[in-house]
Amino acid sequence: MTPSPGRPTEAMPQFEMHATGVEGATEGTERMEVSMGPHHPSTHGVFRMDVELEGETITKLKPVFGYLHRNHEKIAESTSYLGSMPYTDRLDYFNSMTNNWAYALSVEKLAGIEVPERAEYIRVITAELTRLQNHVSLIGFLVQDMGALGTPLMYAFRERERILDLFESLSGARMMCNYMRFGGCRCDVSADWIKQAQSVVEAFPQFLDEFEALISENEVLMARSQHVGILKPELAIDAGVAGPVLRATGVNYDLRKVDGYGIYDRFQFRVPLGDHGDVYDRYMIRVLEMRESVKILQQALAEIPNGDYVNPKAKLRGFRPPPGEAYGRIEAPKGELGFYLISDGSPKPYRYRVRPPSLINLTILEDMCLGQTIADAVIILGSIDIVLGEVDR
Amino acid sequence: MSLFFIITALITMASAIAAMTLRNLVHCVLCLTVTFAGIALVFLQLGAEFIGFSQILVYIGAVSILMLFALLMTRGGTELTLKRWDPVHWITGTLIGIAGFGVMSFAIFNSSLRQSKIPEAKADSLHALGNSLLSQYVLPLEVMALLLTVALIGAALIALPEKNVFRKNASFSKNQESGNK
Amino acid sequence: MWFEELLIAIKHYLVLQMPGSLQPVGSAFLSCLPIMTSFGGLFALATLLERKMLGRIQNRYGPNRVGPGGLLQPVADGIKMLTKEDIVPKNADHLIHFLAPLGLLVSAMLGLSVIPFGHRLIALDIETGILFFFAVGAASELAIFMAGWGSRNKYALLGALRAIAQMISYEIPLILSALSVLMVVGSLSLSDVVQAQSGGIHTWHIFTPWGFLGCILFLISTLAEINRSPFDIPEAESELIAGHMTEYSGFKYALFFMAEGVAMFAMCALTATLFLGGYHAPFPILSFIPGPVWLFGKLTSLVLLFIWIRGTMPRLRADQLMEFAWKFMLPMSVVNLIAAGIWVALDGGVAAWISSGLLNFVAYFGWSRILSQASRFSPRTYRYAEEAGVSE
Amino acid sequence: MIGKGILKGMVETARNLTGSFHDPDRLTTVEYPEQKIPAKENARNFPFLIYDGDDWETGLRCVSCQICEKECPPQCIYIEKDKEKKPDFLGKMQMQPKIFDIDVSVCMGCQICVEVCPFESIRMDNDFEYAGSDRFKSLLLTKDQLAKSNKYYHSIHPTEAQETDEIRVQKREDHLAKEKAKAEKLAKAKKEAASKAALSKAETAKEE
């Protein structure tokens with residue numbers, strides 16, 4: 001009367017095989033194709049995975065995207081340099097501040113604009129706050145994908161809300177901040193705002209402790225995520241993966257240290273590294289990165305100097321960089337975000353190209369998913385941390 | 001012969017016939033389940049609570065599910081492809097049925113059960129059942145238990161996950177190799 | 001006692017008013033009616049309670065728009081479900097698709113009939129009560145299969161087969177851990193089980209070594225049996241949309257939920273009966289409060305525990321779930337059965353306490369250590385990059 | 001030991017469960033239509049046009065220079081110039097828009113129009129309740145819907161409005177100073193001309 005242990009569900013799908021056309025049988029068992037998405041509840045937006053299954057094991061996975069393609073790069077080539085700034089908000093709509101920064105950085109490189117010190121501090125503060133809110137919502141979503149009925153996600157969103165409130169009182173918008181300008185920022189931060197930010201940052205480690213007590217040592221989470229979706233460091237480097245996904249494989253590569261762009265060389269922080277490159281490592285690396293971000297924020301908020309918030313020489317209207325090309329990159333929360341610009345001296349970029357971390361981290365999805373079950377594919381996708389606005393552009 | 005028994009018997013027989021004649025195998029199994037339930041009801045009417053509920057637990061809860069699983073794993077639950085009126089099948093089936101029925105009725109008519117009146121269920125029948133199972137019939141019980149354990153271990157062995165062979169097909173690594181060539 | 005006697009007197013009076021030939025049917029009807037109505041109402045309240053409590057766990061208010069404090073939310077949900085279009089897929093097997101929710105609800109409701117709600121307050125007092133309970137529970141697997149297969153939907157079928165595999169696997173530890181109680185009590189009748197725990201809180205089975213582990217195992221198996229988090233894999237929305245309920249809408253969908261809710265109550269009531277003293281008060285001094293109140297109190301606290309667990313836990317993967325059932329639950333329930341056997345053999349003295357407690361304790365810690373080493377998961381520590389060794 | 005992490009997590013949820021009853025830091029929900037969070041001072045949503053005084057048509061600051069139309073990234077602004085001119089706050093005759101439409105279903109609230117406007121006439125509103133029953137018309141805001149008074153601007157963004165007013169006062173002062181200088185120059189020129197004329201007259205008279 002007892003079914004065999006292990007995976008009794010192995011052979012289930014074969015029933016449907018006759019009803020739906022399925023590719024030819026191999027080695028005696030037939031395979032089933034399942035199309036997960038574009039409106040599947042856990043594909044994080046309009047993303048589709050064409051999965052070929054043997055039992056519940058994935059034998060082939062084809063990511064299909066482009067449902068959200070909006071011609072971002074071409075639009076940017078037909079609008080002014082300033083006009084693309086609000087569009088960069090919509091690339092990775094979780095992290096508009098870092099998107100702004102990366103774009104502003106490349107335009108500044110292109111036109112040789114100096115950035116005042118205060119503006120650099122403001123940029124570091126907003127970028128690290130962005131990293132906090134991105135990572136916190138990501139781990140919330142990841143645990144939600146594992147089936148934790150919203151509780152960790154709600155806690156994560158409660159904290160994210162505090163940071164979004166800061167963004168709103170600074171830039172006017174919660175997510176589409178459009179805050180950076182070439183040579184600085186759009187408006188100044190007030191002493192009051194810095195105080196608010198300090199209180200949010202002070203309270204954040206306590207929240208992280210709570211969150212970790214809630215879920216980090218949960219046996220179910222560990223069983224679900226450890227040794228699942230392993231990414232080898234060699235493959236990660238070959239595929240150009242960057243950000244926490246790369247660091248979870250143990251590769252020490254953080255642009256804040258490597259490039260030292262902005263004023264990151266002034267702050268004391270460490271780069272956490274994983275040893276296994278599995279889902280749990282990617283989760284924990286993000287938690288640890290948040291703790292480091294809190295350290296950076298504490299230093300930056302304490303040390304912020306007075307001065308201009310934007311280079312007074314930078315022109316808002318009629319901005320024409322000299323002919324040339326530039327590539328500016330930063331360590332966005334999701335990985336290396338770069339903008340490559342070619343100017344022909346006109347008010348519009350001749351070529352505008354985004355290096356989206358989400359898309360490039362997504363290329364290794366199949367390599368991580370093969371041989372795992374379909375339930376793992378969901379959390380592996382969740383652990384890569386993609387935003388379809390950036391993947392499709 | 002109460003009205004209730006007649007209804008039960010009719011349902012049991014009707015579903016048994018349906019289980020034989022329906023073309024969709026899953027429907028057949030579901031009808032068979034109704035037959036099992038009917039038999040359990042007959043047991044209950046005879047006052048054999050333990051056997052009746054065991055019948056439900058084992059046959060409806062497990063055996064029919066086992067059949068359904070087996071069905072889905074092998075045939076895919078689609079319609080039977082047999083010709084409906086294959087005379088050879090029907091004649092052999094009828095002969096086997098008649099033979100089985102004859103043997104059964106011969107056994108029943110010659111058994112001692114028919115002579116004696118059916119005893120009323122005792123209040124401590126359950127205790128008696130348990131005692132006899134663990135004293136008089138302990139050896140058959142142990143043998144059955146051993147057999148089932150062996151079957152369980154065998155099933156577990158068959159179901160052991162095989163080594164993963166899919167990983168080497170990973171698209172990125174493959175593309176990269178072909179790109180390098 | 002007075003409350004139970006009052007109810008029974010009312011029922012007898014009502015039965016006597018009926019014509020003689022109708023009396024057996026009428027008596028059965030009058031036994032069923034309170035169970036069906038009270039658990040139907042309780043289900044409605046439990047949905048509200050669940051949403052409210054989950055909301056509070058997640059720092060939200062929960063439903064509070066309909067009626068005072070959201071009290072009428074179940075009514076609104078019910079109306080919504082009733083007025084929704086009942087969609088049956090074109091290719092579905094209509095009869096089976098229709099019968100599945102009914103079968104599930106009936107099997108869940110039947111289980112309640114052998115639960116003693118108070119002294120002599122039991123709809124069906126049979127010698128093999130617990131066997132009846134598990135037997136009708138087993139029928140729900142068939143109903144779930146019917147739902148999954150009848151819908152002609154990949155997700156529904158996958159969900160149904162997962163559910164069945166899971167339910168059959170967890171039925172074994174469920175029955176084995178219940179068996180420890182039956183061994184000690186020496187009867188399959190639930191009224192005998194309750195009667196054995198009538199002496200106050202110290203006689204409850206949960207406060208014995210075998211009863212404690214048995215209760216935990218029973219509760220975990222219960223969670224799996226009724227497909228609740230963290231074992232809600234059959235309806236894991238991140239993988240399988242809604243499992244076997246994918247193709248159901250409107251009132252049939254509501255029936256599924258109702259069946260799940262009633263099954264949860266039935267299981268909780270059984271847990272309370274087997275391990276928590278059933279309808280008995282914890283202290284004899286409090287026995288002036290009617291038995292049903294105690295039982296419902298215990299049942300509600302178990303339901304709250306389930307909601308609490310649901311608010312905390314992620315969900316296991318299907319194969320890990322099976323591994324857990326066969327590698328942890330089954331050995332532990334067998335060990336617990338042995339512990340109960342020791343208890344019976346030593347007749348429940350101090351020696352029995354120590355020996356069966358030690359057995360369970362050693363088995364639990366030893367086995368969980370071995371298992372967690374074998375399954376390779378553990379909390380990790382992380383290293384940080386050296387400042388100098390930045391690699392490009 | 002299996003179960004330790006789970007127990008830790010359950011303690012945490014229990015703390016949040018009780019905390020949600022007494023700790024406003026935990027229960028952050030605001031029940032929207034009844035309760036509203038006061039808008040942040042910087043909050044922006046869609047642009048509007050400012051007018052001075054009481055009459056929106058005469059007080060409208062916009063001079064239909066069309067810079068915002070050109071700079072708007074999603075190009076949601078549509079302006080047509082009116083043939084008739086009207087005096088602005090400095091008294092100069094300026095162009096005015098005949099049509100000024102903003103399609104808020106296209107607008108992304110990026111604030112670039114505000115930054116590029118040289119006449120302080122377009123600013124960001126913080127009203128977000130734009131839901132309407134008409135899909136197209138109710139989201140196409142016309143000049144009369146867009147025009148809002150300077151007083152309203154002060155009520156939603158007090159600091160920014162103060163700065164804007166200061167800029168305008170400065171502009172007026174500059175203008176007045178310029179006018180004055182111009183007038184003085186003119187007067188001086190006139191005087192000079194007059195004296196010159198007188199001189200020349202005298203000269204001619206002398207000559208005669």
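A, B, ... follow the sequence lines: proteins, then strands. Residue 1 opens every chain.
Between chain D and the residues A:E168, A:R186, A:E161, the largest count of heavy-atom pairs under 4.5 Å involves A:R186. With chain A as the partner, the residue from D:M10, D:Q75, D:H157, D:E12 showing the most heavy-atom pairs under 4.5 Å is D:E12. Of the listed residues (A:R90, A:M222, A:M176, A:M154), the greatest number of heavy-atom pairs within a distance under 4.5 Å of chain D belongs to A:R90. Interface remark: of the candidates D:N126, D:T29, D:N16, D:I37, D:N16 forms the most heavy-atom pairs closer than 4.5 Å to chain A. Ranked by heavy-atom pairs under 4.5 Å with chain A, the first of D:M124, D:E115, D:E71, D:R44 is D:R44. Note: A:C177 leads A:A203, A:S78, A:C187, A:C177 in heavy-atom pairs under 4.5 Å with chain D. Ranked by non-hydrogen atom pairs under 4.5 Å with chain A, the options D:N45, D:V11, D:I112 are led by D:I112.
Contact check for A:E219 versus D:I6: side-chain heavy atoms found under the 4.5 Å cut-off.
Inspection of the A:Y283 and A:S216 side chains reveals an N or O donor paired with an N or O acceptor under 3.5 Å. Between the side chains of A:R162 and A:Q133, not a single donor N or O lies within less than 3.5 Å of an accepting N or O. In this model, no donor atom of one side chain and acceptor atom of the other lie less than 3.5 Å apart for A:Y309 and A:R118. Between the side chains of A:D89 and A:N100, at least one donor N or O sits under 3.5 Å from an acceptor N or O. A side-chain N or O of D:Q145 and one of D:T142 form a donor-acceptor pair less than 3.5 Å apart.
In this structure, the portions of A:L82 lying under 4.5 Å from any heavy atom of chain D include both its backbone and its side chain. Interface remark: D:R26 contributes backbone and side-chain atoms alike to the contact with chain A (heavy atom separation under 4.5 Å). Proximity to chain A is absent for every atom of D:E41, based on heavy atoms less than 4.5 angstrom apart. Heavy-atom distances place both the backbone and the side chain of D:T13 under 4.5 Å from chain A. Only the side chain of D:I67 has a heavy atom closer than 4.5 Å to any heavy atom of chain A. With a 4.5 Å cut-off on non-hydrogen atoms, A:S80 touches chain D through its side chain but not through its backbone. Residue A:Y87 touches chain D through both its backbone and its side chain, counting heavy-atom pairs closer than 4.5 Å. Within the 4.5 angstrom heavy-atom criterion, only backbone atoms of A:L170 (N, CA, C, O) approach chain D.
If you look at D:Y130 and D:F46, their ring centroids are closer than 6.0 Å. Residues D:Y152 and D:F48 place their aromatic rings such that the two centres sit under 6.0 Å apart.
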Inset, instruction - Would you sort out whether A:F182 and A:F319 count as a ring pair (Phe, Tyr, Trp, His ring centres under 6.0 Å), showing the intermediate values? - result: CA-CA 10 Å; A:F182 313 135; A:F319 176 74; 5.2 Å; yes
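Here the straight-line distance linking atom CD of A:E390 with atom CG of A:L68 works out to 11.5 Å at 0.5 Å rounding.
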